Every structure is written in structure tokens, then in C-alpha cells.
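Take a look at the structure set out below.
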Amino acid sequence: MSSVRKCSRTGCPRPAVATLTYAYSDSTAVVGPLATASEPHSYDLCEQHALRLTVPKGWEVVRHEGEFAVPDRSDDELTALAEAVREAGRQDRPAPPPPEPDSTSGRRGHLRVLPDPIS
């Protein structure tokens, strides 16, 4: 499982180092450090595309001051993943109790068991 996000530009295989968001009401494009999570209305960009971004006439670009760097995996994320794997592999973990059956009707997924109308 790779946590390195790729550049959003079509055909660009480079890792993302910046996030582009638009403030439409201000006619502004903001290029900042890579966001911690991918957002639906933002775009991840590699360094080349982050530095070369152009906007329509009348728009403004606000760029992050300094260099962009490929983020390392967070130690917290790796620790959480390791603990989840360790917990899943434990042998002494109690089994969850089985669901109690309903005597008149039951529900399984999208299907429903109805009582026999004859009885």
C-alpha cells in the first residue's frame, strides 16, 4: 500500500509536493504545501507543475514561500498500521458474540425473511 500521492496532472508520474486550491470568489489560485489528506476540490501537484502554474488573465496566484519537499510517511500512521495488524493477528482475542436470531423475521443484507403465512 503506497501512501505517496501522485501529481494530478494527466500523464505526470511524479510525486505530489504541493496542493492547489481555487478561491473563485477572489479569482485566486493558492499553491501551498501538500495537504495532509486528499480533498475533492483541490489538486495535488509535483514541484515542476506547482512552480509553473499559470492562471487566466485577471486572476492572482498565491504561492508558498520556500521549497516543496516530498512528505515522509508519518510515524503515527506507520505505528497505527502496525498496531492494527498486530491486533488482527492476536490469538487470545475473544470472538464477537453471534447475532441473536429473531423468531418471527430476520434480516440479512437487503433480503428479509418473513414468517410462513400458513403457520
Side-chain angles (χ1 to χ4, degrees):
M1 179 171 114
S2 175
S3 67
V4 177
R5 299 193 324 243
K6 300 288 184 199
C7 182
S8 297
R9 294 292 300 258
T10 304
C12 183
R14 291 184 291 270
V17 296
T19 298
L20 166 65
T21 54
Y22 292 105
Y24 292 100
S25 61
D26 298 327
S27 299
T28 304
V30 180
V31 180
L34 187 63
T36 55
S38 183
E39 296 290 330
H41 299 289
S42 62
Y43 303 91
D44 296 337
L45 299 175
C46 66
E47 186 172 19
Q48 179 182 357
H49 287 122
L51 295 174
R52 290 182 158 182
L53 177 78
T54 60
V55 294
K57 189 174 187 177
W59 278 60
E60 181 182 359
V61 178
V62 177
R63 288 187 208 275
H64 166 69
E65 295 288 330
E67 295 184 18
F68 294 109
V70 178
D72 294 330
R73 286 186 182 178
S74 167
D75 289 339
D76 293 338
E77 291 175 359
L78 291 175
T79 302
L81 178 61
E83 288 177 9
V85 169
R86 190 176 308 122
E87 180 68 24
R90 279 185 38 198
Q91 297 294 331
D92 61 340
R93 186 175 52 166
E100 300 210 10
D102 187 359
S103 61
T104 58
S105 68
R107 187 164 174 89
R108 189 168 191 180
H110 66 282
L111 302 177
R112 185 178 192 128
V113 178
L114 300 174
D116 189 3
I118 297 173
S119 57

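Predicted, not measured: the structure shown is a model, and the values here were computed from it.
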OG1 on T19 to OH on Y43, rounded to 0.5 Å: 12.5 Å
Can you spot which of P15, C7, S8 makes a side-chain contact (heavy atoms from CB on, under 4.5 Å) with C46? C7
Using 0.5 Å steps for rounding, measure from the CZ atom of R14 to the NE2 atom of H49. 5.5 Å
Interatomic distance, CD@Q48 vs SG@C12, rounded to 0.5 Å, equals 7.0 Å
Using side-chain heavy atoms (C-beta onward) and a distance below 4.5 Å, is V31 in contact with L20? yes
R9, R5, K6 screened by salt bridge (Lys or Arg N to Asp or Glu O under 4.0 Å) with D44, the one that passes: R5
Which residue pairs pass the salt bridge (Lys or Arg N to Asp or Glu O under 4.0 Å) test when at least one of the two sits in residues 24-36, sequence neighbours left out? none
According to a hydrophobic-cluster definition based on side-chain heavy atoms being under 4.5 Å apart (Ile, Leu, Val, Met, Phe, Trp, Tyr only), do V61 and V30 belong together? no
Quick one: do V62 and V55 end up in the same hydrophobic cluster if we chain Ile, Leu, Val, Met, Phe, Trp and Tyr together by side-chain heavy atoms under 4.5 Å apart? no
Separation between OG of S42 and OH of Y22, rounded to the nearest 0.5 Å: 11.0 Å
